[in-house]
> 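Take a look at this one; I'll ask things after.
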Amino acid sequence: MIEARHLRVLRAVATAGSFSAAARELGCTQPAVSQQMKALESSAGTTLLIRTGREMRLTQAGEALVRHASGILAGLTAAEEEVAAIAGLRAGRVRLVSFPSGSSTLVPGALAALRAEHPGTRVSLVEAEPPRSVDLLRDGDCDIALAFRYGASGGEWDDLVVRPLLTDRLIGLVPEGHRLAGAAEVSIGELADESWIAGCPRCRRQLVEVCEESGFTPRIDFATDDYPAVMGLVGAGLGVAVLPELAVESVRPKGARTVPVAPAIEREIVALTLPDLARVPAVAATLDQLSLAAAR
């Protein structure tokens, strides 16, 4: 294998015309230059230099290698500088996937802080709910996935780096004129006869499980992944819902009132990445800013 350090020596010899002159240019000894050239000829499998008196002359193979060496070394220098910039957070790219209520609450503050601290780091954002967002991470289509889960799911994310961000409690949402609109707390069982408006598939599944534990199966008349739509339907008096606090924070409900529900329904909000990606400076910095945004 031809090494870059050998190419640098060959180029110096070709430019300076001798081993001794090349040694002075490179700041090393003549025997060191000679040794490097022997190693390069061994790697190339042919003679690259011919000694003629006090000077060195390139063979045809040597001329070809010198001709390519300039481009190779220039490309390597550019690559080293780019990697150094990324490692020093003067450059870099992070692909972030987030569920909608995380995109509107946690992500903006985190990315604003990241840009202020590391303006050379670029972050792209697309939205997806788990488990789709986690699949995108595992497939290499993003670097960080903002996700959530209800309760501990054994082994679900064992292959990933999990950065816990916060615990998000679900709250009830009823029309303003509802009989329970002013209640200090509402039992899920008190809503057994209501028409329900459900959210994303994972939230919908959790809602059904909680209701069934309270002795009834919710009558879900409307289902939508769009939280503003859920709030609009509740505000129009078409049913009741339970939504994450993050979702309610991101949209002011019109014609609806929030009420605490019992038993408490909580989801864990996390940032996920792959073990190798966690060591990339731009990814690590983004994870740190997401943690800070969640703590505010």
Side-chain angles (χ1 to χ4, degrees), residues 96-111 124-136 142 145-150 165-183 185-212 214 216-262 264-270 293-294:
L96 175 63
V97 174
S98 174
F99 54 94
S101 58
S103 298
S104 58
T105 54
L106 298 177
V107 171
L111 298 193
S124 63
L125 171 67
V126 297
E127 288 189 340
E129 298 274 0
R132 176 59 183 153
S133 57
V134 183
D135 291 340
L136 290 171
C142 71
L146 205 61
F148 62 86
R149 61 181 172 187
Y150 294 93
L165 298 179
L166 57 88
T167 299
D168 189 22
R169 181 168 180 169
L170 272 66
I171 56 177
L173 201 66
V174 299
E176 281 186 346
H178 193 275
R179 58 188 172 84
L180 298 173
E185 185 177 79
V186 172
S187 166
I188 286 289
E190 294 180 78
L191 301 171
D193 297 327
E194 301 285 344
S195 172
W196 283 84
I197 301 156
C200 72
R202 181 167 283 203
C203 297
R204 200 175 310 155
R205 186 166 59 249
Q206 180 67 17
L207 168 66
V208 171
E209 290 176 1
V210 170
C211 290
E212 288 180 344
S214 297
F216 72 98
T217 299
R219 188 179 79 251
I220 299 175
D221 290 341
F222 304 96
T224 173
D225 293 347
D226 184 13
Y227 287 134
V230 173
M231 295 181 190
L233 291 167
V234 173
L238 296 173
V240 299
V242 289
L243 289 180
E245 285 187 298
L246 283 182
V248 177
E249 284 179 21
S250 64
V251 181
R252 179 176 297 179
K254 295 181 180 180
R257 295 281 295 276
T258 58
V259 290
V261 294
I265 309 171
E266 295 179 336
R267 63 177 186 171
E268 181 187 12
I269 309 297
V270 301

> So, for Val230 and Ala198, which heavy atoms are closest and what is the spacing to 0.1 Å?
CG2-O, 4.2 Å

> Would you say that Val234 contacts Leu243 through its side chain, given a criterion of any heavy-atom pair below 4.5 Å between the two side chains?
no

> Output the distance between atom CZ (Phe216) and atom CG (Asp193), rounded to the nearest 0.5 Å.
8.5 Å

> Kindly give the heavy-atom pair with the smallest separation between Cys142 and Ser133, and that separation in Å.
SG-O, 4.3 Å

> Below 4.5 Å, heavy atoms only, C-beta onward: do Phe99 and Cys203 meet side chain to side chain?
no

> Any non-hydrogen side-chain atom of Phe148 less than 4.5 Å from a side-chain atom of Val270?
no

> Any side-chain donor-acceptor pair under 3.5 Å between Thr105 and Glu249?
no

> Looking only at heavy atoms, what is the nearest atom pair of Leu136 and Ala128, with distance?
CD1-CB, 4.2 Å

> Among all residues two or more places apart in sequence or in another chain, which pass the ring-ring contact (aromatic ring centres under 6.0 Å, His included) test with Tyr227?
none

> Kindly give the heavy-atom pair with the smallest separation between Glu194 and Arg179, and that separation in Å.
OE2-NH2, 3.3 Å

> Measuring from Leu238:CG to Asp221:CG, what's the distance to the nearest 0.5 Å?
9.0 Å

> Do other residues, nucleotides or ligands put more than 12 heavy atoms under 6.0 Å from the CZ atom of Arg169?
yes

> What residues form a salt bridge (Lys or Arg N to Asp or Glu O under 4.0 Å) with Arg267, not counting sequence neighbours?
Asp168

> Please report the interatomic distance CG(Leu96) to CG(Leu146), rounded to the nearest 0.5 Å.
6.5 Å

> Leu106 versus Leu166: any side-chain heavy-atom pair under 4.5 Å?
yes

> Are Thr217 and Cys211 side-chain neighbours, meaning at least one heavy-atom pair lies under 4.5 Å?
no

> Quick one: closest heavy-atom pair of Gly237 and Pro175, and the distance?
CA-CG, 3.8 Å

> Taking the side chain from Trp196 and the backbone from Leu191, do they hold a donor-acceptor pair closer than 3.5 Å?
yes

> Are any side-chain N or O atoms of Arg257 and backbone N or O atoms of His178, one a donor and one an acceptor, separated by less than 3.5 Å?
no

> Between Gly199 and Arg204, which heavy-atom pair has the shortest distance, and what is it?
O-NH2, 2.6 Å

> Could you measure the distance from the CD atom of Glu185 to the CD1 atom of Ile171? Nearest 0.5 Å is fine.
13.0 Å

> Determine whether Leu180 and Val259 make a side-chain contact, defined as any pair of heavy atoms from C-beta on separated by less than 4.5 Å.
no

> With a 4.5 Å limit on heavy-atom distance, are the side chains of Val210 and Leu170 in contact?
no

> Would you compute the distance between atom CG of Leu233 and atom OG of Ser195 and round it to the nearest 0.5 angstrom?
9.5 Å

> Exactly one of Glu266, Glu268, Glu129 should register a salt bridge (Lys or Arg N to Asp or Glu O under 4.0 Å) with Arg149. Which one does?
Glu268

> If we only count heavy atoms from C-beta on, is the Asp135 to Arg132 side-chain gap below 4.5 Å?
yes

